[in-house]
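Notes to accompany the following structure.
The chains referred to below are lettered A, B, ... by the order of the sequence lines, with proteins before strands, and numbering in each begins at 1.
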Amino acid sequence: MRIGELARRVGVAPRLLRYYEEQGLLRPHRSPSGYREYAEGDVDVVHHVRTLLAAGLSTATIAELLPCMGADGPRLIASCPELLDDLQRERDRLTAMIDELSGARDGLDAVIATAVPDEVLATSAAPS
DNA sequence: CTTCTTACA
DNA sequence: TGTAAGAA
């Protein structure tokens, strides 16, 4: 199928599919006229890419990971566990980020909790 | 009509 | 990522 059909089937802009190719995530064949020819399996690949991207992985990491994915789900295939290290680091990175954000939220909560109601301010501003 | 590449906002 | 331009 050509880029238009794949884009329609996975719900993304053709532009994005060309971008994925630039990032080494997709390697469609070329028709003699130069059109990109995608295989059926690319539909799943794009879905995997989207899942991994949503998980916060870089396109570079995803490129390494893709060949280790089954066509079914975004599960790591048993035949290549050499990437577990990277994924574990990625997991740690996310944990660190979550901790930072939690701290930021606690700070915001503190400000919200100590907010003084308008009525109180109005009363103190115009004492009788 | 669809896709391609390249370049720019 | 979007869009524009010119060609296939």
If you measure from the Lys or Arg side-chain nitrogens to the Asp or Glu carboxylate oxygens, is any gap between [X] and [Y] under 4.0 Å?
X	Y	value
Arg27(A)	Glu37(A)	no
Glu90(A)	Arg93(A)	yes
Glu100(A)	Arg105(A)	no

Gap between atoms [atom1] and [atom2], on [X] and [N] respectively (whole Å):
X	N	atom1	atom2	answer
Glu37(A)	dC4(B)	CD	C1'	13 Å
Tyr19(A)	dT5(B)	OH	P	17 Å
Ile3(A)	dT3(B)	CD1	P	7 Å
Tyr35(A)	dT5(B)	OH	C1'	13 Å
Arg2(A)	dT2(B)	CZ	P	9 Å
Arg18(A)	dG2(C)	CZ	P	11 Å
Glu22(A)	dT5(B)	CD	C1'	11 Å

Using a cut-off of strictly less than 4.0 Å, decide whether Arg15(A) has a side-chain nitrogen or oxygen near OP1 or OP2 of dT3(C). no
Contact under 4.0 Å: Arg30(A) side-chain N or O vs dT5(B) OP1/OP2: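 Looking at the OP1 and OP2 atoms of dT5(B), one of them is under 4.0 Å from a side-chain N or O of Arg30(A).
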Around atom CZ of Arg9(A), are there more than 12 heavy atoms of other residues, nucleotides or ligands at under 6.0 Å? yes
